[in-house]
Amino acid sequence: MTVLAILISGTGSNMEEVLHRIHNGDLDATIAFVGSDTAEASGLNRAHLRGVPTEILPYKNGRHEAEDKLEDLWQRHRLDWLVLAGFMKILSPTFVSQHRGRIINIHPALLPSFPGAHGIDDAWNAGVTVTGVTVHMVDELVDHGPIVAQLPVRVRPQDDRISLERRIHRAEHRLYWRALRGLFTGELPFRKD
Ligand code: GRF
């Protein structure tokens, strides 16, 4: 059985969809824990309500200590995959290289366009007519590793920033668990170069 952990920093709607898909059997995996860099993340409560153990990574003491704890958790739970879902900290190159090809992220734009923390705003402000969501492997650069899956979202003439964001989140919820399932089963190959 595939063992995964999910890292969040905020609401955790992507996390919740993945937990739901595990629970109803769509995604054949076991969740070891949901982790966050901050106890303020409201998604922690959502995880707790679903009976999933939660962990706070001590970023307040620096990235080194936080990643030491994450590494301990990884070994203790024998993780196969680490799933980032709105996790706002950047993992160090050392940590990423130790787990290359085992850390996945979702980004609310069609990479390589609009990387960074404001993908939805940046696409909106650029006036694109198509944006979307990307699931990708994490490498040493931000929002950069090999692309696993993408889903386009058309910007409609009647859209405002809020309606676009809502549809992008819906697209994320549709795509992430399916991309994870494809990765876990090996049905969804991705370029490793
Ligand atoms: C998502 O849009 C994700 O792509 C981005 O941060 C947001 C997290 O939302 N990295 P949520 O916490 O999953 O609701």
Side-chain angles (χ1 to χ4, degrees), residues 1-10 12 14-19 21-22 27-41 43-44 47 52-109 111-112 114-117 119 133-150 172 175-193:
M1 175 78 81
T2 303
V3 181
L4 58 87
I6 305 177
L7 297 187
I8 63 170
S9 295
N14 281 286
M15 168 213 76
E16 187 150 53
E17 182 65 20
V18 171
L19 294 183
R21 296 294 174 167
I22 291 173
L27 185 60
D28 191 16
T30 300
I31 176 81
F33 63 90
V34 168
S36 175
D37 55 305
T38 166
E40 307 300 312
L44 288 171
V52 175
T54 57
E55 298 282 352
I56 306 298
L57 304 175
Y59 273 90
K60 60 181 187 328
N61 302 336
R63 181 163 77 175
H64 196 76
E65 202 170 314
E67 289 188 354
D68 275 355
K69 176 164 179 181
L70 184 56
E71 184 63 36
D72 279 354
L73 288 164
W74 190 306
Q75 300 309 330
R76 187 166 359 125
H77 292 283
R78 299 172 187 274
L79 296 187
D80 295 305
W81 298 91
L82 183 63
V83 175
L84 309 186
F87 184 60
M88 297 307 285
K89 296 291 183 187
I90 295 168
L91 295 169
S92 70
T94 310
F95 188 89
V96 169
S97 68
Q98 273 161 4
H99 301 287
R100 183 173 302 285
R102 290 280 152 188
I103 310 175
I104 315 153
N105 186 38
I106 188 160
H107 182 73
L111 293 174
F114 310 117
V133 304
T134 302
V135 174
H136 67 97
M137 307 303 308
V138 171
D139 71 4
E140 284 80 357
L141 302 176
V142 175
D143 298 330
H144 180 269
I147 290 172
V148 174
Q150 291 184 302
E172 290 188 310
L175 185 66
Y176 210 3
W177 71 270
R178 289 186 171 88
L180 294 174
R181 184 175 63 182
L183 273 176
F184 299 167
T185 59
E187 284 161 20
L188 202 57
F190 58 94
R191 283 173 45 181
K192 298 187 178 62
D193 56 340

Do Ile8 and Ile6 have side chains that approach each other closer than 4.5 Å (heavy atoms only, starting at C-beta)? yes
Please examine the side chains of Leu180 and Val18, heavy atoms only from C-beta on, and report whether any two atoms are closer than 4.5 Å. yes
Who passes side chain to side chain donor-acceptor pair (under 3.5 Å) against Thr134, sequence neighbours left out? Gln150
Please state whether the rings of His99 and Trp74 are parallel, tilted or perpendicular, taking 30° and 60° as the class boundaries. parallel
Got a sec, which residues hit salt bridge (charged side-chain N to carboxylate O under 4.0 Å, His left out) with Lys60, two or more places apart in sequence or on another chain? none
Drop me the distance from Leu79's CG to Leu70's CG, to the nearest 0.5 angstrom. 8.0 Å
Restricting to side chain to side chain donor-acceptor pair (under 3.5 Å), what partner residues turn up for Ser92, sequence neighbours left out? Glu67
Indicate the atoms forming the closest heavy-atom contact of His77 with Val3, along with that distance. O-CG1, 3.7 Å
Donor-acceptor pair, Arg63 side chain versus Ile90 backbone, under 3.5 Å? yes
Show your working on side chain to side chain contact (heavy atoms under 4.5 Å, CB included) between Thr54 and Phe33 and close with a plain yes or no. CA-CA 5 Å; Thr54 57; Phe33 63 90; over 6 Å; no
Using a 6.0 Å cut-off, check whether atom CG of Asp28 has over 12 heavy atoms from anything other than its own residue. no
Is the closest side-chain heavy-atom distance between Leu175 and Val135 below 4.5 Å? yes
Which atoms form the tightest heavy-atom contact between Ile22 and Ile31, and what is the distance? CD1-CB, 4.3 Å
Can you check whether Phe87 reaches Asp37 side chain to side chain, under 4.5 Å on heavy atoms? yes
Under the salt bridge (charged side-chain N to carboxylate O under 4.0 Å, His left out) test, which residues partner Arg100, sequence neighbours left out? Glu140
Euclidean distance, Leu27 CG relative to Arg181 CZ, rounded to 0.5 Å: 8.0 Å
Do you know which two heavy atoms are closest between Ile104 and Tyr176, and how far apart they sit? O-OH, 3.4 Å
Of all heavy-atom pairs linking Ala29 and Phe184, the shortest is CB-CE1, 4.1 Å
Could you go step by step and tell me if Glu55 and Leu73 meet the side chain to side chain contact (heavy atoms under 4.5 Å, CB included) rule? CA-CA 9 Å; Glu55 298 282 352; Leu73 288 164; 3.6 Å; yes
Trp177 side chain to Arg21 backbone, donor-acceptor under 3.5 Å: no
Would you please name every residue forming a side chain to side chain donor-acceptor pair (under 3.5 Å) with Gln75, sequence neighbours left out? Glu71
What heavy-atom pair brings Gly116 and Asp143 nearest, and what distance separates the two atoms? N-OD2, 2.7 Å
Close side-chain approach of Leu7 to Val83, heavy-atom, < 4.5 Å: no
Taking the side chain as everything from C-beta on, heavy atoms only, tell me whether Met15 gets closer than 4.5 Å to Val34. yes
Side chains of His107 and Val133: does their closest heavy-atom pair fall under 4.5 Å? no
Where do Ile103 and Phe95 land on the side chain to side chain contact (heavy atoms under 4.5 Å, CB included) test, with the steps shown first? CA-CA 10 Å; Ile103 310 175; Phe95 188 89; 3.9 Å; yes
Checking the side chain of Lys69 only, and the main-chain atoms of Ile56 only, is there a donor and an acceptor separated by less than 3.5 Å? yes
Step by step, work out the side chain to side chain contact (heavy atoms under 4.5 Å, CB included) result for Ile106 and Leu84. CA-CA 7 Å; Ile106 188 160; Leu84 309 186; over 6 Å; no
For Pro58 versus Ala66, what's the shortest heavy-atom pair and its separation? CD-CA, 3.7 Å
Rounded to the nearest 0.5 Å, the NZ atom of Lys89 sits from the CG atom of Leu57 at a distance of 10.5 Å
Taking salt bridge (Lys or Arg N to Asp or Glu O under 4.0 Å) as the cut-off, I'd like each qualifying pair that reaches into residues 73-88, sequence neighbours left out, listed once. none
Answer yes or no: is there a donor N or O on one side and an acceptor on the other, between the side chain of Ser9 and the main chain of Met88, under 3.5 Å? yes
Pairwise side-chain contact, Arg102 with Leu82, heavy-atom cut-off 4.5 Å (strictly under): no
